Structure formats: structure tokens, C-alpha cells
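Structure record follows, encoded as C-alpha cells.
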Amino acid sequence: MTAPRVRFAPSPTGYLHVGGARTALFNWLYARHTGGTHVLRIEDTDRERSTEEHTRIILDGLRWLGITWDEGPYFQGEYAARHRADAERLLAERKAYRCFCTREELELQRTQAEAAGIGFRYDRRCLKLASEEIVRRRDSGAPFTIRFIMDDQEIAWDDAVHGRISFQGRDLDDFVILRSDNTAIYNLAVVSDDIAMRISHVMRGDDHISNTPKQIALYRALGQRPPVFAHVPMILGSDGKKLSKRHGATAVGDYQEQGILPAAMRNFLALLGWSPGGDREILAEDEMIQLFTLEGIQKKSAVFDTTKLEWMNGQYLSALPVEELVEPVRRQLIRLGVDDDRDLRPLIESVKARSRTILHVADQVAVRLDPARATLDSKGEALIRKMGPAFGRNLGLAAAALAELEDKDWQPDQLVETLRRVAESQQAKLGDIMQPVRVALTGSTVSEPVNELLAVVGRERSLQRLSEMARRNGGVSVA
RNA sequence: GGCGCUAUCGUCUAGGGGACUAGGACGGGGCCCUCUCAAGGCCCAAACACGGGUUCGAAUCCCGUUAGCGCUACCA
């Protein structure tokens, strides 16, 4: 058996949708798993909606996810001549015919059928035209499309994910394969290209299932054996409807913006509609490739769960070496208006375990670079209210004690010792000293251990902020 | 309306006739750890859509019902 040839064939009429990205991922995984070839083909035959900008965004999104291709990108628009030749060949072999019906006429027939409660099926009136009539109309310059003759027999195939699927030819109508402007319609273009590119496995969303019998008929009419079809389930929004803009972020670029790591996105997408069997959740690229099979693809559509994506991103974030986060975090800091040339590594290290996205890391790093940026959140406010005057007083005492430490002693061990002594001298719980410090420095009651926080913020900035907050809350300033 | 696809915890899923008291993960709840949170560990709640078969035995095979979704263009 020769190595499979698969393709990802997006149309550049919008951004790279997560559903498309997942289809691309499956194709890529299958190619890598089998040692096959992954072909990228841009289906830009819808001239009205296709743009180069969209093509660029799709390519960028694939690269970001680490999805590579071995051939292409090919552009479908460049094969118009072959599409036309295929249509004309079918016409010459009497497997297709010219249709002179206008859009208006067809629209009328459709609405009439609808009103009668019957499904519309083209009535083949142009197939019945006498040949002199056809010649006459053609010579008079009347525009026409080319329609493919659908036979009435059953068309069935063994889908690699669904098993046997069967349609009756009589339920399908003679569909248009070539527009009156001589350009191919989707079904013809796809089949023509897949034949030319020797595609052996067509993996695509299962919203294409109903196109498949038409395409199989086309393969046969063109004297070719159809490829293996694998229809992968769709991705739904949380309401169970097809994922769309209404559901918020649907483009791969949106998640990149939100600080999701490509490896996390890839892992999450792989597990949406595919399972390696067993309990595996976090899968490295090579494991994914090794374990990927068509049999593991789910039949049922899957709901995109952002919360789980973020959890997975958190997993990747904490496993990632700090070095690899420095650049993405610095980029984000600049967008936040923070330009500081300090070494970010210790700061990232101290916050990344508590973060789910790069944005979240950057926000926290920004506050540690400059505690004056800290804004009180509801939990911080609640603590101040709850502690009353003790908040400012304890803060003042802590600041005074910490001020005694010299720069070289501003280390986690000494810091925690100092604060413990303050607590003991006041016969206060450690938390009553620690929490005000935490709130003063971060605005919230949540952070890394306070001693680490102080160390990372640094002596000068910490003392300044602590005194400031103590003063503002009725405590004694030491600065 | 027609045609097609699908159906296990709220969500992602494991499960291929007996190993099912239906497992894992996210999310939720609790406990431990602890200055807080996260992480980690332990625990709890939570599902085989319904009805018929087949079989000694069905989440698993078959049929029907219901529901959801997709397609039904000179879009892709």
C-alpha cells in the first residue's frame, strides 16, 4: 500500500475557524502517522468572498499551531481550465447537459415546490431539449450552465469514521457543475483537484456528508476510483449549535490574542472529536502522531469548552521553561504600556503556576514590576473592610520591621522570619500580617507566598508601596 | 417538507456481549497541605435518551420512537 495523500482545503472567505484548524490538525496527524503527504489547497473559487488577507491569516494560524504541509499551498483558482475541461468532457460523453434555465426561473420553481410542501428537484426540462433547440439557443448567445446527470441508483461508501453511508440517487438532483461564466462549482472543482493531486483520503467536516454522493458520482463519471472518505464531527458552541461568532472567540487568532499557547491549543483540539483510548489528556506532539488513528475519531459532534482549554493552557504554562515565556510576556507588557528592562524570569517564575494564559501572567508581572499599578479587587476591599484599623496598623508595623532588613538580606528566608516576628510581637495570626502585605502589593488576596512576593518586587518598591498603603489606611508610615 | 448523520455525567470522553457497583478529565462540592491562591494528594455529587427485540446475559448487536444537528444555491 502506498503512503496516503491527504489535504486540507480551506476557503479564504473568513478567518481560520477552530473547526477548520481541527480538520487541518487531523489531516496533518494522519499524514505524519502514516508517513503520508499533507497537501494544502486554498479553495478560492468564490471570487466574491475570497481575499489574500484571509489566505495569509489561515497560513499564519496553521504555522502558529505547528501544522505543516508538504505540498502547496495550491490555489484552486489556477486550475479553472482543468475544471472546465472536465465539465466539457462530461458534456461530450453525455453525462452532463446544458441548462438554459435562468436563476429567476429556477427560483420560481423552487418557491413553488416549497409552497406545495415538496422538496425541490430540478425537473430536467433542459435535458429534454431537442438538439436543434440547444444549438439555436447556444448560437443566439443565451447563457447556460452545465448540469451533471444523476442516476437513480444507490450511492454508498464506507466512511472511515461513520461506517457505511448510503444515499439514493433519486433523492439527489442534476446539480450544476459549471456556472454560466464558465467557472466550476465546488463539487466539480474539489473532485477535479483531488483527482489531479492524487488525494487518497478526504478528511473533512461531516457537514460535507451530503456532498459526498454527488462527488462519488463525479469520480465514477470521470473514470476514477473515489478516495477514502473520513467525515469528522463538527464543533459546536456551548448551546449545541454550530460554532459561530455569537459564541465569542471562534478564530484561532482570537486564542493566540488571548494568550493561549499553541501546544495547548493543539492538544485541546486534538482531543475534541478524537481519543487515543484510555485516560490520556496531555499529549506531546510525537505521542499524538504515534497514537493517531481514524478509528479513534468520534462520530458525535463536540462542544467547544473554553474552560477546559484554559485549564490545559495552565498545564502547559506551568510546564514551560521560563525562558520561553520571556518574549511573549514582554510583548504583552509593551501592549499594557509597561516598558521595563529588568530580568523578567524570576517574576514569571513566581506567577506562572497560578496563571492560565500569557495575558494573565503579564498582568501579574506588570504589578510586580510596579506595585503602584495594583488595583484593589473585591477580595482586597473585603479584607480591608473586615480588618478595619488593624489593616493599616499591621501594614505599618510590617513595613517598619522590613525596613530594618538590608538589601542583601532581602531574601525569602529572612523576609518570612521578619514577618513572623512581627506577628509574634503583636500576638497576631501570621495571616493578619501577611494578607495586608499581599493586598498592598497586589490589590488582591491571592498571590504567591508573601515572602516570595516581597523578594520579587524588591526592597525599595516594596517598602515604598507598603508605607504608602499603611499611611492611606491610617497606619504609621516609616518611609 | 425531503435526504442524511448522531445519541454514556453540565462538557470532553473510556467502553467493541459477561472484567460495570459504568472509569478518567474539565467544571462543581469537601478535606489535606497552608499566610492566601494555584499546583499537588485524597474524597463526594453527577450519565448509558425512550420503547421493543436478539441472547443464559446488552451501555455494547438489531428495529422503532423521540430529540439534536447538517445538507437541500449558477456558496464553499
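Quantities reported herein were computed from a predicted structural model and do not represent experimental measurements. Below, read A as the first sequence line, B as the second, and so on, with proteins coming before strands; counting in each chain starts at 1.
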With the threshold set at under 4.0 Å for non-hydrogen atoms, list the residues of [range] touching RNA chain B in residue-number order.
{"range": "residues 177-188 of chain A", "value": "A/R179, A/S180, A/I185, A/Y186"}
{"range": "residues 214-222 of chain A", "value": "none"}
{"range": "residues 414-434 of chain A", "value": "A/L430, A/G431, A/M434"}

key: Rounded distance (Å) that lies between atom C1' of B/rA76 and atom NE2 of A/H17   = 14 Å
inquiry  = Holding to side chain to side chain donor-acceptor pair (under 3.5 Å), I want the full list of residues that pass it with A/D363, two or more places apart in sequence or in another chain.
reply    = none
message = Please enumerate all residues that pass side chain to side chain donor-acceptor pair (under 3.5 Å) together with A/E154, with sequence neighbours excluded.
response =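 Here the qualifying residues are A/S166.
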What donor-acceptor contacts under 3.5 angstrom involve side-chain atoms of residues 421-435 of chain A, with partners at least two apart or in another chain?
residue, atom, partner, partner atom, Å
A/S425, OG, A/R421, O, 3.4
A/S425, OG, A/V422, O, 2.8
A/Q435, OE1, A/R438, NH1, 2.5

inquiry  = Run the ring pair (Phe, Tyr, Trp, His ring centres under 6.0 Å) test against A/F304 and tell me which residues pass, sequence neighbours left out.
reply    =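 Only A/Y255, A/F268 meet the ring pair (Phe, Tyr, Trp, His ring centres under 6.0 Å) criterion with A/F304.
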By ring pair (Phe, Tyr, Trp, His ring centres under 6.0 Å) - contacts of A/H54 (at least two apart) =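 For A/H54 the ring pair (Phe, Tyr, Trp, His ring centres under 6.0 Å) partners, ignoring immediate neighbours, are A/Y15.
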Determine all donor-acceptor pairs shorter than 3.5 Å in which one atom belongs to a side chain in residues 170-177 of chain A; sequence neighbours excluded.
residue, atom, partner, partner atom, Å
A/D173, OD2, A/Y122, N, 3.2
A/D174, OD1, A/R124, NE, 3.4
A/D174, OD1, A/R124, NH2, 3.0
A/D174, OD1, A/M150, N, 2.9
A/D174, OD2, A/Y97, OH, 2.7
A/D174, OD2, A/R124, NE, 2.5

request  = Only pairs at least two apart or in different chains count here, so list each side chain to side chain donor-acceptor pair (under 3.5 Å) that has a residue in residues 378-391 of chain A.
outcome  =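 Found none.
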task = Can you run down the side chain to side chain donor-acceptor pair (under 3.5 Å) pairs that involve residues 298-315 of chain A, sequence neighbours left out, and say none if there aren't any?
result =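 Those involving residues 298-315 of chain A are A/E281-A/K308.
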inquiry  = Salt bridge check, A/D194 against A/R7: does any charged N sit closer than 4.0 Å to a carboxylate O?
reply    =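 Salt bridge flag = yes for A/D194 with A/R7.
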query = What string of B, S and - do you get for nucleotides 22-28 of chain B, 5' to 3', when a contact is any protein heavy atom under 4.0 Å?
reply = -BBBSS-
ask   = Looking only at N and O atoms, is any donor in the side chain of A/R49 or the base of B/rC75 less than 3.5 Å from an acceptor on the other one?
value = yes
inquiry  = Base, sugar-phosphate or nothing for A/S50? Non-hydrogen atoms, less than 4.0 Å.
reply    =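 Counting heavy atoms under 4.0 Å across all strands, no contact is made by A/S50.
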message = Can you see if the side chain of A/T445 gets near the phosphate of B/rC37 - specifically, an N or O under 4.0 Å from OP1 or OP2?
response =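 No, because none of the side-chain N or O atoms of A/T445 sits under 4.0 Å from OP1 or OP2 of B/rC37.
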